[in-house]
Number of protein chains: 2
Amino acid sequence: MFSEGLILLRAPLDVSQAEGSHLSGSTLRPEELPEIRHLHLFRDMTQASFEALMASSYAQNFPQGLDIIRQGDPADFLHIVVEGSVELFAQWSGRECTMAVVQPVSTFILAASIRDAPYLMSARTLERTRIILVPAADLRAMFRRDTEFAVSVITELAACYRSVVRSAKSLKLRNSRERVASYLLRQSMLAGGATSYTLPVEKRLIASYLGMTPENLSRTLRMLEADGVKMDGARVIITDREKLTTLAQPDKLIDGPDAIADANGSDLPGASG
Amino acid sequence: MFSEGLILLRAPLDVSQAEGSHLSGSTLRPEELPEIRHLHLFRDMTQASFEALMASSYAQNFPQGLDIIRQGDPADFLHIVVEGSVELFAQWSGRECTMAVVQPVSTFILAASIRDAPYLMSARTLERTRIILVPAADLRAMFRRDTEFAVSVITELAACYRSVVRSAKSLKLRNSRERVASYLLRQSMLAGGATSYTLPVEKRLIASYLGMTPENLSRTLRMLEADGVKMDGARVIITDREKLTTLAQPDKLIDGPDAIADANGSDLPGASG
DNA sequence: CCAGGACTTTGATCTCGATCAAATTTTTTC
DNA sequence: GAAAAAATTTGATCGAGATCAAAGTCCTGG
């Protein structure tokens with residue numbers, strides 16, 4: 001269950017770990033600035049503030065399967081995924097579990113970088129991934145100077161907090177069948193209420209995120225064929241939404257719609273750090 | 001397991017539910033202002049801001065066992081417990097679980113009141129409890145005017161977020177024996193590293209917080225006698241700290257010291273809302 | 001296009017923790 | 001201070017989900 005052979009990386013600054021022949025701690029591409037600017041976190045700050053923040057930031061490209069953050073390390077940067085995807089996971093006593101998967105364009109480990117505290121979660125790339133690194137010190141200086149940015153940070157952190165609480169509620173109040181069923185419905189909603197869609201990440205990650213083993217997820221998905229879902233590989237086909245809904249009992253206070261709106265770019269929500 | 005006969009209370013404003021012959025939506029006592037002022041959240045704001053916020057706030061006294069917040073209701077107030085204690089719990093499909101117990105002096109449901117969103121958790125008094133209600137609208141107006149307060153809110157929310165993440169990590173990575181053992185050690189640290197201390201809340205609440213049944217907690221505590229803890233009612237006696245530590249494998253990134261410093265007044269940490 | 005590795009599925013078995021039931025202790029109430 | 005209610009403990013049993021093992025499938029890199 002635990003991937004071994006971890007390539008250790010003290011801090012993202014350690015450019016030697018990044019890929020490519022060109023030195024990868026590089027400047028941002030002009031086309032990615034607007035995407036970042038559109039994030040809730042950066043949307044309301046002044047243009048000057050935004051530009052200042054971006055000026056002190058830089059991009060890095062990482063190959064697949066690279067550990068980019070090790071839990072316990074000092075949080076020196078806010079991370080923004082602009083390409084690829086990142087798994088946030090927690091480790092303890094030789095065990096590990098997936099806490100979230102972050103997809104473009106969204107930020108992660110905001111909380112740690114704001115508190116100038118050690119990361120609580122580790123992170124690894126799931127594919128070739130490009131990340132913007134915003135120095136935590138600049139971030140902290142900025143929300144003291146730009147009130148609208150401070151408000152955005154407050155709003156974002158509150159949303160992240162609520163997202164983890166939702167996730168904790170689901171873990172504590174639902175059994176695994178119910179968690180799977182409601183996860184499938186939630187993803188359907190994210191896909192615009194689609195009756196058929198493809199799982200956004202590997203099943204092993206979904207299993208770990210939902211607090212179960214891959215074997216158990218596999219069996220549960222099979223069992224759910226009696227309750228209105230059919231799987232075809234990574235494809236989900238909802239054959240009887242009403243039946244599935246009866247089983248999952250989706251709850252606004254656990255499954256959204258807030259949770260969906262909040263989880264901007266995060267498949268397994270709650271990526272504040 | 002589920003307390004029935006809930007007295008429903010739409011909002012804390014509904015004074016009719018509060019106790020006492022004197023109308024309980026009353027002004028604050030002078031002696032409680034300094035205690036509130038000392039909270040991290042209010043420590044750094046200007047005196048003027050603090051006074052303005054307190055001027056629009058009011059106190060209410062609740063009897064034991066009263067539901068003061070129902071999850072899903074609009075979050076109109078930040079709550080501050082100044083006397084007694086409050087259980088935060090979550091409900092779904094007829095089940096419920098304890099998310100935190102808040103004790104004086106500390107705030108709860110900060111996140112919900114800031115987002116102007118529905119409460120994700122319910123709250124009930126565990127004893128006779130006095131609560132200060134700070135209107136959420138005033139709160140939101142205030143951090144736009146007082147930068148230091150905004151910074152405090154940011155810092156507080158980040159701490160709350162991290163606190164829930166810690167709790168989620170513990171739930172997902174540890175089995176129940178490990179959760180109990182590390183809980184006991186954490187409480188010992190909160191008691192200044194004491195070898196003997198009294199559990200701060202009832203065992204059924206600890207059980208629910210730790211994601212297990214009271215029966216299982218009882219049995220686990222009994223089993224732990226072989227691992228360096230002895231129980232005498234609600235009294236914990238650590239007979240072999242080393243042995244217990246070996247079992248619990250306490251981790252800075254789950255059990256503190258941050259987690260302890262953060263959980264100011266909250267026995268089962270993570271009381272942002 | 002083939003080989004190797006990772007992911008997924010299926011089957012068999014086991015175990016941790018839940019559930020049910022009842023006794024006992026503690027706390028509250030009248 | 002006795003009766004009642006709540007909390008805790010203990011015992012017996014059950015079952016959801018984990019673990020172990022192996023086969024099958026998908027993906028990837030040479």
Side-chain angles (χ1 to χ4, degrees), chain A residues 1-6 19 63-65 87 94-98 101 124-128 171-181 198-225 229-236 247, chain B residues 1-5 63-66 87 94-98 101 124-128 170-181 198-225 229-236 247:
Chain A
M1 174 177 181
F2 310 136
S3 76
E4 282 308 319
L6 305 181
E19 134 181 292
Q64 184 186 74
E87 177 192 7
R95 301 169 208 166
E96 71 172 58
C97 71
T98 303
V101 171
R124 71 166 70 96
T125 55
L126 292 173
E127 55 195 303
R128 196 178 179 292
L171 277 171
K172 291 185 81 170
L173 291 167
R174 288 169 169 161
N175 64 29
S176 62
R177 196 166 51 118
E178 291 160 344
R179 291 201 297 279
V180 173
T198 304
L199 291 175
V201 296
E202 287 177 346
K203 286 181 186 168
R204 71 189 171 90
L205 296 171
I206 296 171
S208 181
Y209 173 70
L210 295 177
M212 58 203 291
T213 59
E215 294 96 321
N216 193 23
L217 174 60
S218 179
R219 268 185 269 269
T220 302
L221 287 172
R222 177 54 49 97
M223 284 177 52
L224 285 177
E225 289 186 5
V229 222
K230 179 100 179 38
M231 297 299 301
D232 175 24
R235 182 138 213 95
V236 182
L247 173 68
Chain B
M1 174 176 183
F2 310 136
S3 77
E4 282 309 318
Q64 184 187 74
L66 188 72
E87 177 193 7
R95 301 169 208 166
E96 71 172 58
C97 72
T98 303
V101 172
R124 72 167 70 95
T125 56
L126 293 172
E127 55 196 303
R128 195 177 179 292
S170 190
L171 278 171
K172 290 185 82 171
L173 291 167
R174 288 169 168 160
N175 64 30
S176 61
R177 195 167 52 121
E178 292 159 344
R179 291 200 299 277
V180 173
T198 305
L199 291 175
V201 296
E202 286 177 347
K203 286 181 185 169
R204 69 186 173 91
L205 296 172
I206 295 172
S208 181
Y209 173 68
L210 295 177
M212 57 203 293
T213 59
E215 295 95 320
N216 193 22
L217 174 61
S218 180
R219 268 185 269 269
T220 302
L221 286 172
R222 177 54 48 98
M223 285 176 52
L224 285 177
E225 287 186 7
V229 224
K230 178 99 179 38
M231 296 299 302
D232 175 24
R235 182 139 212 93
V236 181
L247 173 67

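Letters go in sequence order (proteins before strands), and every chain restarts at 1. Because the structure is predicted, anything quoted here is derived from the model rather than measured.
Using a 4.5 Å heavy-atom threshold, the side chains of Leu199(B) and Met231(B) count as touching. Counting heavy atoms from C-beta on, the side chains of Leu224(A) and Leu247(A) come closer than 4.5 Å.
Counting to the nearest Å, the P atom of dT26(C) and the CZ atom of Arg235(B) are 15 Å from each other. The nearest whole Å value for the distance from the CE atom in Met212(B) to the P atom in dT19(C) is 13 Å. The CZ atom of Arg179(B) sits 13 Å away from the P atom of dC16(C) (whole-angstrom rounding). Distance CG (Leu210(A)) to P (dG17(D)): 12 Å, rounded to an integer number of Å. Distance CD (Glu178(B)) to P (dC16(C)): 11 Å, rounded to an integer number of Å. One can place CE of Met223(B) at 11 Å from C1' of dG17(C), the figure rounded to the nearest angstrom. Rounded to a whole Å, the CG atom of Leu224(A) is 13 Å from the P atom of dT9(C). In this structure, Arg177(A) places its CZ atom 14 Å from P of dG15(D), rounding to the nearest Å.
With hydrogens and angles ignored, the 3.5 Å screen pairs no side-chain donor or acceptor of Arg174(A) with any backbone N or O of Arg179(A). Looking at Thr125(A), its side chain does come within 3.5 Å of a backbone N or O of Pro63(A) through a donor-acceptor pair. Proximity of a side-chain donor or acceptor of Lys172(A) to a complementary backbone N or O of Glu96(B) within less than 3.5 Å is not detected.
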Under 3.5 Å donor-acceptor pairs involving side-chain atoms of residues 210-221 of chain B, not counting sequence neighbours:
from: Thr213(B); atom 1: OG1; to: Asn216(B); atom 2: N; distance (Å): 3.2
from: Thr220(B); atom 1: OG1; to: Asn216(B); atom 2: O; distance (Å): 2.6

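Comparing the helix axis at one end of the helix from dC1(C)-dG30(D) to dC30(C)-dG1(D) with that at the other, each defined from 5 consecutive pairs, gives an inter-axis angle of 60° (nearest 10°).
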Per-nucleotide protein contact string for nucleotides 6-13 of chain D (B base, S sugar-phosphate only, - none; heavy atom under 4.0 Å): -SSSBBB-

B/S/- contact track for nucleotides 22-30 of chain D, protein heavy atom under 4.0 Å: ---------

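For dG17(D), the OP1/OP2 oxygens have a side-chain nitrogen or oxygen of Ser176(A) closer than 4.0 Å. The side chain of Thr213(A) contributes no N or O atom lying less than 4.0 Å from OP1 or OP2 of dG17(D).
The existence of a salt bridge linking Arg204(A) and Glu87(A) is excluded, since no basic side-chain nitrogen approaches an acidic carboxylate oxygen closer than 4.0 Å.
Shown here are the salt bridge (charged side-chain N to carboxylate O under 4.0 Å, His left out) partners of Arg235(A), two or more places apart in sequence or in another chain: there are none. Glu127(A) is linked by a salt bridge (charged side-chain N to carboxylate O under 4.0 Å, His left out) to nothing, counting only residues two or more places apart in sequence or in another chain.
Annotation for Ser208(B) and Cys97(B): closest pair OG-CA, 3.3 Å, computed over non-hydrogen atoms.
Between the CZ atom of Arg128(B) and the CG atom of Leu66(B) there is a distance of 12.0 Å, given to the nearest 0.5 Å.
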